[in-house]
Amino acid sequence: MNVIRNVTCPICGTLCDDLEVTVKDNVIVDAANTCAISDAKFMNYSNPKHRNLTPLVRKNGELRETSLEEAIKKSAEILVDASYPILYGWSCTSCEAISAGVELAEEIGGVIDNTSTVCHGPSILSIQNVGIPTSTLGQIRHRADLIIYWASDPYSAHPRHMERYTAFSNGRFQKSEWAHYVARLRGILGKKRLSRASELVLMKEAELPVVSGGKLPPKFETDKRKLIVVDVRKTRSAELADFFIQVEPNKDFELIQALRLLVRDEEVETDQVAGVPVSLLEDVADTMIGCDFGVLFFGVGLTMSSGKLQNIDAAIALTRDLNYRTKFVIMPMRGHFNVAGANIVSTWQTGYPFAVDFSQGYPRYNPGETSAVDILSRDEADASLIVASDPVSNFPRRAVENLVKNPLIAIDPVVSPTTAMADVVLPSAFVGIEEGGTAYRMDRVPLPMKKLVDPPQNCLSDREILQRILHHVKRLRAQRGIA
Amino acid sequence: MQKIRVTLVTGRTIDQGATKEHGKLSDDYLNNVAVCELDPEDLSRVGIKEGSTIRVSTGHGKVVVKARKSRRTPHVGIAYMPYGLWVNQIINSQTHGTGMPSFKGIQAEIEAAPEEKVLNILQLLKKNYREKRR
C-alpha cells in the first residue's frame, strides 16, 4: 500500500493539488480530499466496461480489434488523404500532448481547435478586445472579501472551488465563512422539512420563500467575507451564497450595464432591470464599491447566452469601472482541467489560443470561420482527429452529422459516443492517473500532473500516440512526394 | 395535450459530472442526463408528474427525455437540461460568428409524450447519426 500525496486532480480547472491517493498493486484503492466527480473518476477509471483497452478500426461498418501499429498507420493515412482535417479536443490531456498536436496540425495543414471554442471561447475573444484585470487564486484566497459567481455554478462544475479559494477557504487576511454557512444551511433544511411535511399533511404544495428579496441581508453591513451568486435559476451554489440574484435569461448584459451605471454614480431611470429591482442593484453596487478586494468569477452562462462575448466585454468593463473605486478582479471559471493549458500551448506555438487554421501553410485565426462547430456546420472538414474529448455528445446535431459522415479518429481512454462513431479508436492513458505532464489552472498557474499507476497494456500516452501518427504522416507524405 | 413554451437552459450538474465517470453508456448517466428539470408549476401546466416522458422541441429538433421536478424554485418558464447527447439534438449549430452555439436561453416547447420511450446513447446514435455515415 502506497499513499501518494499532493496529487493534482485531473477533473476541472480548479486543479486541486492536495489529493492523497492510495495505490495497491498498481490499482487506486482510495482517494482523499476529492470532490464527488474526482472520487467517481479515481474509483472508476480502471473499470473495463467503459475503458478503451484495444485499438479498433472500422471494417464493414463494425469496429474490429486491430494492432496498435495498424491503427496508427490507418490514422496517418486518413489524415494525409484529407484536404481539410480538424484536430479537436485537447483540454483533458497534458500540455506536452497538445504541443505534439500542434505540430501534427501544421504538418497536415489542418485546423486545430480546443474545447474552449464551446466553453470560454467568447471570453478569450473579449479579453483580446479589452484586456482583463485578474489575479491568481492565491491572492483571492487570502484577500478577497467580496466574491461574486456570475452565471456559474461552482458546486456542480468546480466542486472544491469555494472551499479552496473563496468563501469557505481560510486565507491569511480573510477567514472562512463555513461556520456561518452551516448555521444557515440548517435553517434552510428545517424550512424544507417543514414545507415537505405540510405538503404531506395538507396535500398541497407549500409556499416557498421568494429567492431574490428586495434587499441585501444584514450580514452585508459587516466586514466578513460575502458571497453573491447571480444566475437564471437557483443553483446549488446559490443556496450556499449569502445572497442570490435571479436574472432573466439572456439579460445579463442589461444587468451588468445597469450595475456599471450605478458604480459610476449615474441613475437608472427604471424600476427594474432584467427582473431585478433597481433598489437592490443600488445596494449591490454599494457593496461592490465598499469591499476591499472583490472578485467576479463568471461562468459559461455569460458566454453561451445572447450577446456572448459582449456579455464578457461588459463584465470586464464593470471590473475596470470598479477599479476606480476599489480593488476588483475578474476570472473565467475554466471547465476542463487543462483547457487553460490548451489555450496557452496553442498561443505560444501558433500565436492564437484556439481555432487555428494551418490550411494556408501559416496559422490563421478567425473564430466563427475557423472554429470547429462552424467548419462542421458548413460541412467543410473531410476528416477529424479527436483527442480526449467527446464532440459527438457536446456539439449541436448538425455539426455532429457532418463530423460522423467523414473519417473520424478518436484517441480516448474511455468509451464515449465519439469513440462509438469513430473509424479508428486509439486507447490512451489517463493524464493525471496513468501519465504525468503539465496542466494550467484557471488562473494560468502551471501545475504538474502525477503518474500514479501504470497504464494498461496497449494504452500509450496521448503524446506518444500523436508523435507516432506524426512520424507515419511524415513518411507517407515523403513517399507521395508531398512537400 | 397541453404544450408549453419555455426558455431552455443547459448546463452542468454534479450528477452529470460524477456519473460521466461511471461511463457514458451506463444507466446512471442516462438517468441523470436524459432529463429536463421543470418548475412544479410548469409540470402541472403540462399535466404531468415527475418521471413522465416529455418531448422537448425547438426549431432544430425534438428529443424525448424524462421530466424532473426542480428542487430549487421558483423558475417558472425556465427548463433546465444537463449537457449531453440528448439536449444537443435540439441545439442550433449557428454561432453568429463567435464559434459558440447558443446553449442557453433557447426558446423551446414542452409536451407530454407518454407513448414514447427515452432512447439510450446507442439507440440515439443509431437513430440520428448512423444513416449519415458514408
Side-chain angles (χ1 to χ4, degrees), chain A residues 36-37 39-41 44-45 47 49-50 117-118 121-122 125 153 155-157 159 205 208 211 232-236 238-239 246 249-250 300-301 303-306 308-309 355 367-368 371-374 376-377 390 392-401 404-406 414-417 420-421, chain B residues 7-26 33 37 39-41 44 60-61 70-75 77-78 80 83-86 88-106 121-122 124-125 128-130 132-134:
Chain A
I37 307 176
D39 190 65
K41 181 158 189 170
N44 290 287
Y45 78 97
N47 181 354
K49 265 197 198 158
H50 83 108
T117 191
V118 290
L125 295 178
D153 179 14
Y155 181 99
S156 296
E205 299 252 337
L208 288 160
V211 276
V232 294
R233 60 183 196 116
K234 195 169 194 186
T235 57
R236 293 192 190 216
E239 234 165 42
Q246 192 160 7
N250 292 326
V300 290
T303 63
M304 289 178 171
S305 51
S306 278
K308 294 179 184 158
L309 68 153
S371 35
V373 173
D374 297 278
L376 290 170
S377 302
D390 182 16
V392 171
S393 282
N394 298 326
F395 279 1
R397 181 170 169 181
R398 190 182 151 81
V400 178
E401 282 172 1
V404 301
K405 75 179 188 187
N406 290 309
V414 288
V415 177
S416 69
M421 298 301 287
Chain B
T7 303
L8 178 66
V9 176
T10 73
R12 286 194 191 286
T13 68
I14 187 88
D15 299 324
Q16 173 246 351
T19 56
K20 167 168 72 68
E21 304 300 339
H22 299 171
K24 284 196 172 170
L25 304 185
S26 69
V33 180
E37 272 185 28
D39 189 275
E41 203 177 311
S44 57
H60 304 276
S70 184
R71 300 283 174 265
R72 288 163 194 86
T73 51
H75 55 82
I78 298 178
Y80 186 84
Y83 293 145
L85 187 64
W86 290 273
N88 274 307
Q89 302 309 308
I90 57 174
I91 302 276
N92 185 2
S93 66
Q94 176 61 250
T95 76
H96 303 285
T98 62
M100 165 71 87
S102 292
F103 287 107
K104 296 180 193 275
I106 309 150
I121 281 194
L122 294 176
L124 198 58
L125 288 175
N128 288 354
Y129 297 131
R130 196 67 81 184
K132 303 283 173 193
R133 296 190 65 87
R134 283 184 313 187

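Chain naming here is simple, since letters A, B, ... match the order of the sequence lines and numbering starts at 1 in each.
- No hydrogens or angles considered: a donor-acceptor pair under 3.5 Å links the side chains of A:Lys308 and B:Ser102.
- Listed here is the closest heavy atom pair of B:Ile78 and A:Pro249: CD1-CG, 3.6 Å.
- A:His50 places none of its side-chain heavy atoms less than 4.5 Å from the side chain of B:Lys24.
- Most heavy-atom pairs under 4.5 Å with chain B: of the set A:Ser371, A:Gly368, A:Pro417, A:Pro396, this distinction falls to A:Pro396.
- Your options are A:Arg398, A:Lys41, A:Lys49, and the one with the most heavy-atom pairs under 4.5 Å with chain B is A:Lys41.
- Comparing A:Asp153, A:Asp390, A:Leu125 by how many heavy-atom pairs each has under 4.5 Å with chain B, the most go to A:Asp390.
- For the set B:Ile106, B:Ile14, B:Val9, the count of heavy-atom pairs under 4.5 angstrom toward chain A peaks at B:Ile14.
- Closest approach of A:Val373 to B:Ser93, counting heavy atoms only: CG1-O, 3.6 Å.
- Across A:Arg397 and B:Tyr129, no two heavy atoms sit closer than the pair CA-OH, 3.4 Å.
- Note: A:Asn394 leads A:Asn394, A:Val415, A:Leu309 in heavy-atom pairs under 4.5 Å with chain B.
- Of the listed residues B:Asp39, B:Thr13, B:Leu122, B:Leu85, the one with more heavy-atom pairs under 4.5 angstrom with chain A than any other is B:Leu85.
- When every heavy atom of B:Glu21 is checked against every heavy atom of A:Ile37, the shortest pair comes out as CG-O, 3.8 Å.
- Minimum heavy-atom separation, B:Gly105 to A:Asn250: O-ND2, 3.0 Å.
- Among the candidates A:Ala40, A:Ser156, A:Ser306, A:Ser377, the residue making the largest number of heavy-atom pairs closer than 4.5 Å to chain B is A:Ser156.
- When heavy atoms are compared at a cutoff of 4.5 Å, A:Val400 approaches chain B by way of both its backbone and its side chain.
- For the set B:Arg72, B:His75, B:Gln89, the count of heavy-atom pairs under 4.5 angstrom toward chain A peaks at B:Arg72.
- Per-residue counts of heavy-atom pairs under 4.5 Å with chain B were compared for A:Gly121, A:Ala355, A:Gly301, A:Ala372; the largest is that of A:Gly301.
- If you measure heavy-atom distances from B:Glu37 to chain A, the contacts under 4.5 Å come from the side chain alone.
- Closest approach of B:Thr98 and A:Pro367 over heavy atoms only: O-CB, 3.9 Å.
- Listed for the A:Asn44 side chain is no donor-acceptor partner under 3.5 Å among the backbone atoms of B:His22.
- Under the rule for a side-chain hydrogen bond (donor to acceptor under 3.5 Å, both in side chains), the partners of B:Asn92 that lie at least two apart in sequence or sit in another chain are B:His60.
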